[in-house]
Amino acid sequence: MKTTTFKLFILCIVLGATACSSNDSNEKETPASEQKLYDYYVDSKMQTAIDQLGITIHKGNTPPNVEGIYTIDPLRCTMSNFNDGYLGLSIGTSTLTLSNQNTARLSVDFKNFTIYYDPKNEIWEGKGSFISGQDNKFSILLHSHGELDTGTDKAKYQNLIIFSGELDVQDNKIKGIKNLQLASIMSDDYKDPYDILISIGQGRLFTNKYAAVK
């Protein structure tokens, strides 16, 4: 009887340890998944450009709900990783639309439409973009389907977009985004048939202290 009781005691300890080990594993799955999503968007060349531009990326698997339409006025280029005529200039006004956020999948649809002060406009768009963050701070990463329209030519391309900021929430309502950063890094210029795009690996960082809800 004592032998049977002792064996049952040992079995309980083993099962308990296994359960704890399983729980610990589950707790570590989300950060690993988050890193996997980040790695999907950022290869070594893109990481080099990110480091050069110095954009802040807010990590975490509990980003706030960022859905809304925001106005970035002006859109100002504050950093480039190449010899750039836009550096230090306010280049236009952007309308940023964030929609269809899925908290479980850490995804959100992204669309940014910029009207430049010179006669052209540009669209960056991506569905199911990766969103990370916690509390009111967040970052969005996506492979954007971009289009630059100069009025005479339309160039399509793909770029890595990283958008970071902090929600301004008052009385449980989103008023805007504070301290926003928006990086665009060229990843595929589709051979740039009109010779109007920046080169692959080149990027710009745009910033503004505030983007208000429209």
Next on the checklist: Evaluate K214 against T95 for side-chain contact (heavy atoms from CB on, under 4.5 Å), listing each step before the verdict.
Outcome noted: CA-CA 9 Å; K214 289 191 73 173; T95 299; 4.0 Å; yes
Checklist entry - Do Y70 and I115 belong together in a cluster built from hydrophobic side chains that touch within less than 4.5 Å? => result no
Item to check | Side-chain H-bond candidate by donor/acceptor type, D39 with Q35, under 3.5 Å | outcome: yes
Next on the checklist: Can you give me the closest heavy-atom contact between H58 and S139, atom names plus distance?
Outcome noted: N-OG, 2.7 Å
Checklist entry - Just by distance, with hydrogens left out, do S144 and N159 show a side-chain donor and acceptor under 3.5 Å apart? => result yes
Item to check | L148 side chain reached by Y157 side chain, heavy atoms, under 4.5 Å | outcome: yes
Checklist entry - A211 and L180: which non-hydrogen atoms are nearest, and at how many Å? => result CB-CD2, 3.2 Å
Item to check | Candidate pair K120 and D149, rule salt bridge (Lys or Arg N to Asp or Glu O under 4.0 Å), full reasoning | outcome: CA-CA 6 Å; K120 62 183 177 184; D149 184 352; over 6 Å; no
Checklist outcome for this item: Nearest heavy-atom contact between L167 and K178 is O-CE, 4.1 Å
Next on the checklist: Using side-chain hydrogen bond (donor to acceptor under 3.5 Å, both in side chains), reason through N179 and Q181 one step at a time and then give a plain yes or no.
Outcome noted: CA-CA 7 Å; N179 302 318; Q181 297 179 307; over 6 Å; no
Item to check | Parallel, tilted or perpendicular, as decided by the 30° and 60° cut-offs, for the rings of Y41 and H143 | outcome: tilted
Next on the checklist: Measuring from atom NZ of K45 to atom CG of D43, what distance do you get when rounded to the nearest 0.5 angstrom?
Outcome noted: 8.5 Å
Item to check | Residues N102 and S107: side-chain donor-acceptor under 3.5 angstrom | outcome: no
Checklist entry - When clusters are formed by joining ILVMFWY residues with side-chain heavy atoms under 4.5 Å apart, either directly or through shared neighbours, do I196 and I123 land in the same one? => result no
Next on the checklist: For a quick test of reading the model, state the closest non-hydrogen atom pair linking F82 to G203 and the distance between them.
Outcome noted: CE2-O, 3.6 Å
Checklist entry - Please walk me through it: do Q101 and I131 pass side-chain contact (heavy atoms from CB on, under 4.5 Å)? => result CA-CA 9 Å; Q101 184 169 346; I131 181 169; 3.9 Å; yes
Checklist entry - Given the rule in the side-chain contact (heavy atoms from CB on, under 4.5 Å) test, do T71 and T93 qualify, once you have shown the distances and angles that lead to the verdict? => result CA-CA 7 Å; T71 300; T93 301; 4.1 Å; yes
Next on the checklist: Closer than 3.5 angstrom, by distance alone: can the side chain of Q158 be matched with the main-chain N or O of D189 as a donor-acceptor pair?
Outcome noted: no
Next on the checklist: Under the side chain to side chain contact (heavy atoms under 4.5 Å, CB included) test against N112, which residue among I72, L98, I161 passes?
Outcome noted: I72
Checklist entry - Looking only at heavy atoms, which two atoms of E34 and S132 are closest? And how far apart? => result OE2-CB, 4.0 Å
Checklist entry - Within a radius of less than 6.0 Å around OH of Y40, do more than 12 heavy atoms belonging to other residues, nucleotides or ligands occur? => result no
Item to check | Common cluster, I57/M79, ILVMFWY with side-chain heavy-atom separation under 4.5 Å | outcome: yes
Checklist entry - Is the shortest heavy-atom distance from the side chain of Y210 to the side chain of K175 under 4.5 Å? => result yes
Checklist entry - Is there side-chain contact between I162 and I140, with at least one heavy-atom pair below 4.5 Å? => result no
Checklist entry - Does any non-hydrogen side-chain atom of D192 lie less than 4.5 Å from one of Y190? => result no
Checklist entry - Rounded to the nearest 0.5 Å, how far does CG of L182 lie from OG of S164? => result 9.5 Å
Next on the checklist: Could you tell me if N81 and Q52 have a donor-acceptor pair between their side chains, going purely by distance under 3.5 Å?
Outcome noted: yes
Item to check | Test log, rule side-chain contact (heavy atoms from CB on, under 4.5 Å), inputs F163 and F206 | outcome: CA-CA 9 Å; F163 182 88; F206 304 93; over 6 Å; no
Checklist entry - How far apart are the closest heavy atoms of L53 and A183, and which atoms are they? => result CD1-CB, 4.2 Å
Checklist entry - What's the spacing between D153 CG and L197 CG if we round to 0.5 Å? => result 10.0 Å
Next on the checklist: Can you confirm whether I177 sits close enough to F138 that some side-chain heavy atom of one is under 4.5 Å from a side-chain heavy atom of the other?
Outcome noted: yes
Checklist entry - Does the side chain of F113 reach to within under 4.5 Å of the side chain of N121, using non-hydrogen atoms? => result yes
Next on the checklist: Rounded at 0.5 Å granularity, tell me how far CZ in R76 sits from CD1 in I91.
Outcome noted: 10.5 Å
Checklist entry - Are the side chain of E147 and the backbone N or O of W124 linked by a donor-acceptor pair below 3.5 Å? => result no
Checklist entry - What distance separates R204 CZ from L75 CG, expressed to the nearest 0.5 Å? => result 10.5 Å
Checklist entry - Is there a chain of hydrophobic side chains (I, L, V, M, F, W, Y, each step under 4.5 Å between heavy atoms) that links V213 to I69? => result no
Item to check | Side-chain touch Y38/L141, heavy atoms, less than 4.5 angstrom | outcome: yes
Item to check | Any donor-acceptor N or O pair under 3.5 Å, side chains T97, S99 | outcome: no
Checklist entry - Can you find a heavy atom in the side chain of D84 that is under 4.5 Å from one in the side chain of C77? => result yes
Checklist entry - Is M186 linked to L87 within one hydrophobic cluster, defined over Ile, Leu, Val, Met, Phe, Trp and Tyr using a side-chain heavy-atom separation of less than 4.5 Å? => result no
Item to check | Separation between CG of D118 and OG1 of T150, rounded to the nearest 0.5 Å | outcome: 10.0 Å
